[in-house]
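Bear in mind that the values here come from a model prediction, so they are computed numbers and not experimental data. Just the heavy atoms: all of them, side chains too, but no hydrogens, waters or symmetry mates, feed the values below. Proteins get letters first, then strands, A, B, ... in listed order; numbering begins at 1 in each.
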Amino acid sequence: EDKVVQSPLSLVVHEGDTVTLNCSYEVTNFRSLLWYKQEKKAPTFLFMLTSSGIEKKSGRLSSILDKKELFSILNITATQTGDSAVYLCAVRGPGGTSYGKLTFGQGTILTVHP
Amino acid sequence: EAQVTQNPRYLITVTGKKLTVTCSQNMNHEYMSWYRQDPGLGLRQIYYSMNVEVTDKGDVPEGYKVSRKEKRNFPLILESPSPNQTSLYFCASSFKLGEFYEQYFGPGTRLTVT
């Protein structure tokens, strides 16, 4: 059974801190790993990673994948209160006759205090 | 405006009364998917569809049905809802499921089965 585990489950920091969120996975025939941010509504896409060791970056957010050790990290530097959200990791693997199955982790709740 | 719409947004129903939650996208996306989100469990995929008439099970398909008769619509059917199907449901779509195509989520449907 495919499995995605995120850590920590919850994190409280102050503005300006740097945080690292972790996602480890066990998925048969891994295809890609995705990060989403969820505030009080639907998740919004952050990154999709398919290749090991290549960092993806968007502003203060960056992510990297290690396919050998089966994990990814999401870094947020100089955190702001607007970064407060649930961060979700999902891994795409085979499902049935296609590769459309996505398995999500339970999420990391990030709270940034002023 | 490019979007994924779901209806209804909120629904309270009774055990055993068949219901359908509609999902529609106006972006000509091939891939569509349904998820449920429960506290502490993250997002779990129910069913997905790679294209018209092509559907497959996700992690938690029991008690649900889907159909994909046309590209824009992907309804979720609960033939005999039970209280354990009380949850927040998200529909999502993407052009394809590949490295360069992000997944867009609908606004969510909060279902309560009494």
Can you hop from [X] to [Y] via hydrophobic side chains spaced under 4.5 Å?
X       : Y       : value
B:Phe90 : A:Met48 : yes
B:Trp34 : B:Met50 : no
A:Leu70 : A:Leu21 : yes
A:Ile73 : A:Tyr25 : no
A:Ile64 : A:Leu61 : no

Requested in this report: Give the member of B:Tyr104, B:Tyr47, B:Tyr35 that has the highest number of heavy-atom pairs under 4.5 Å with chain A.
Outcome: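 Looking at each option in turn, the highest pair count goes to B:Tyr35.
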Report task. Assess whether atom CD1 of B:Ile12 is packed by more than 12 heavy atoms of other residues, nucleotides or ligands within 6.0 Å. Result -> no
Query raised in the report: Would one find more than 12 heavy atoms of other residues, nucleotides or ligands at under 6.0 Å from atom CZ of B:Arg110?
Result: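 No, not enclosed.
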Query - Heavy-atom closest contact (B:Gln37 atom, A:Leu88 atom, distance) - result: NE2-CD1, 4.5 Å
Query raised in the report: At their closest point, which heavy atom of B:Phe105 faces which heavy atom of A:Ala42, and how far apart are they?
Result: CB-CB, 3.6 Å
**Report entry** Under 4.5 Å from a heavy atom of chain B, the part of A:Gln6 involved
**Finding:**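 Answer is neither: A:Gln6 stays 4.5 Å or more from chain B.
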Query - Interchain contact, A:Thr44 with chain B, by part (heavy-atom threshold 4.5 Å) - result: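 Neither part.
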Requested in this report: Taking the side chain as every heavy atom from C-beta outward, state whether A:Pro43 and B:Leu43 have any pair of such atoms under 4.5 Å apart.
Outcome: yes
Query raised in the report: Residue by residue, which of residues 58-88 of chain B have a heavy atom closer than 4.5 Å to a heavy atom belonging to chain A?
Result: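 If one takes a 4.5 Å heavy-atom cut-off, the residues of residues 58-88 of chain B near chain A are B:Gly58, B:Asp59.
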Report task. Measure the spacing between OH of A:Tyr36 and CD of B:Gln103 and express it to the nearest 0.5 Å. Result ->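 Those atoms lie 4.0 Å apart.
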Requested in this report: Hey, could you give me each pair passing salt bridge (Lys or Arg N to Asp or Glu O under 4.0 Å) that has a residue in residues 3-16 of chain A? Not counting sequence neighbours.
Outcome: none
